[in-house]
Amino acid sequence: MSIQIRTLDSSEADFKSKLADVLAVEAGEDEAIDRAAATILAAVKARGDAAVLEYTNQFDKLNTQSVAALEISKNELEIALAGLSPLRRGALQSAADRVRAYHERQKSECGSAGFSYTEADGTVLGQKVTPLDRVGLYVPGGKAAYPSSVLMNAIPAKVAGVAEVVMVVPTPAGVKNDLVLAAAAIAGVDRVFTIGGAQAVGALAYGTATVPAVDKIVGPGNAYVAAAKRRVFGIVGIDMIAGPSEILVICDGTTDPDWVVMDLFSQAEHDELAQSILLCPDVAYIEKVKASIDKLLDAMPRKEVIRTSLTKRGALIKVRDMQEACDIANFIAPEHLEISSDNPQQWADQVRHAGAMFLGRFSSESLGDYCAGPNHVLPTSRTARFSSPLGVYDFQKRSSIIHVSEAGAQTLGKIAAELAYGEGLQAHAKSAEYRLK
């Protein structure tokens with residue numbers, strides 16, 4: 001049975017409205033979910049460990065007697081790592097090494113050392129960069145295991161210099177995933193608690209007798225986790241509120257259509273709301289892609305998820321040329337952008353908004369998900385217009401340094417006083433004037 005994926009043409013008069021329909025995500029936050037998250041957070045804030053234990057036992061079908069019993073020791077993490085097959089352990093270690101190397105380079109290139117300079121009158125101005133003290137890492141559990149999320153969130157935190165990384169991961173029915181625990185060992189996670197949901201977010205934000213309060217919470221989760229992160233923002237920092245996964249492929253029609261189709265599938269298989277879009281100036285190639293979709297779909301274990309995703313939110317779009325494809329890509333501002341063409345850098349230079357760019361036909365998005373090195377935590381839902389991938393900089397903060405000399409105070413004091421009087425703030429003005437000779 002053929003997939004009824006939308007096919008659009010940028011030359012059509014109503015193209016913009018049709019594209020807007022493709023990009024639209026059904027109404028945001030479900031009010032019932034938000035209310036439930038608020039109730040759980042309030043309980044955790046008021047009752048601490050007792051509420052965390054109550055909700056964890058209820059939602060994960062456990063019968064644990066204390067939150068302390070939900071903590072996994074470092075020894076257990078190391079045992080999980082040692083129990084992996086050599087091939088699986090080698091892959092996990094190689095991915096971690098590449099992610100660490102990339103973020104070490106990012107740290108050195110992104111102003112993590114701070115700076116200062118001295119003016120002629122001896123006044124010193126600058127910026128001090130310091131890591132956060134403690135970070136909470138949420139890792140999804142249940143139906144799927146995400147060791148890659150552990151690496152992508154914990155490693156840049158450690159590279160940034162965060163002293164303590166506290167990981168929470170739900171274990172429904174008490175089932176622990178050894179690959180997730182092994183990833184925690186490799187990434188240098190300090191403490192791990194088998195709790196999840198809004199109660200885990202509340203425990204990290206407010207702190208309990210057992211779970212330490214953190215300064216920032218990062219990592220993906222379900223709708224309840226997203227709602228809880230939204231509500232605790234301001235008490236703690238958060239990375240972002242992630243929407244459904246997205247891929248946009250710009251192809252000039254020279255790549256094997258099977259390759260492009262599998263790249264579209266790689267996002268569509270995440271869930272029914274994931275989005276996969278192709279932009280191509282070659283109408284004959286788009287027909288080949290359609291044929292490849294029908295040919296390859298039945299072999300996919302998650303074919304029904306892929307089918308629903310492509311039918312509801314996918315699109316194959318005929319564009320005038322590659323330049324127009326880049327213009328449309330800038331409007332979409334995708335999470336993942338593949339430029340599958342000859343001379344991909346030529347077109348990448350035209351792109352301003354994308355979470356991550358994969359250049360050339362051998363750069364499949366899946367490599368970025370696991371082991372290329374750059375972070376796979378990326379802005380979604382067009383937020384790449386103003387947001388960046390998770391990085392070392394997200395685990396650091398910056399303090400301004402102002403050391404005014406006596407001579408400098410004579411110049412700056414007069415300027416500040418004049419502006420303060422203009423704002424009607426006499427104490428500000430006097431404070432500056434007291435330093436004048």
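Everything numeric here is computed off the predicted structure, so don't read it as measured data. Only this structure's heavy atoms are used, side chains among them; waters, hydrogens and symmetry mates stay out.
Side chain to side chain, Arg47 and Thr208 fail the donor-acceptor criterion of an N or O pair below 3.5 Å. A donor-acceptor contact under 3.5 angstrom links the side chains of Lys397 and Thr130, judged on distance only. Between the side chains of Gln396 and Ser112, at least one donor-acceptor pair of N or O atoms lies under 3.5 Å. For Ser366 and Ser364, the side-chain atoms include at least one donor-acceptor pair closer than 3.5 Å. In the model, Glu365 has a side-chain atom that pairs as donor or acceptor with a side-chain atom of Gln267 under 3.5 Å. Of the N and O atoms on the side chains of Glu324 and Ser10, at least one donor lies less than 3.5 Å from an acceptor on the other residue. Residues Glu335 and Thr380 bring no donor and acceptor atom of their side chains to less than 3.5 Å of each other. Side-chain atoms of Asp9 and Ser11 form a donor-acceptor pair, as typed in the model, at a separation below 3.5 Å.
No side-chain heavy atom of Val214 sits less than 4.5 Å from a side-chain heavy atom of Val135.
Because its NZ or CZ atom is both nearer than 6.0 Å to the ring centre of Phe331 and within 45° of the ring axis, Arg382 counts as a cation-pi partner of that residue.
Atom OH in Tyr370 sits 9.0 Å away from atom NE2 in His376 (nearest 0.5 Å). Put simply, NZ on Lys290 and CG on Leu278 are 11.0 Å apart, with the number rounded to the nearest 0.5 Å.
Ion pairing of Glu269 with Lys303 is absent here, as no side-chain N (NZ or NE/NH1/NH2) approaches a carboxylate O to less than 4.0 Å.
With hydrogens and angles ignored, the 3.5 Å screen pairs no side-chain donor or acceptor of His103 with any backbone N or O of Pro156.
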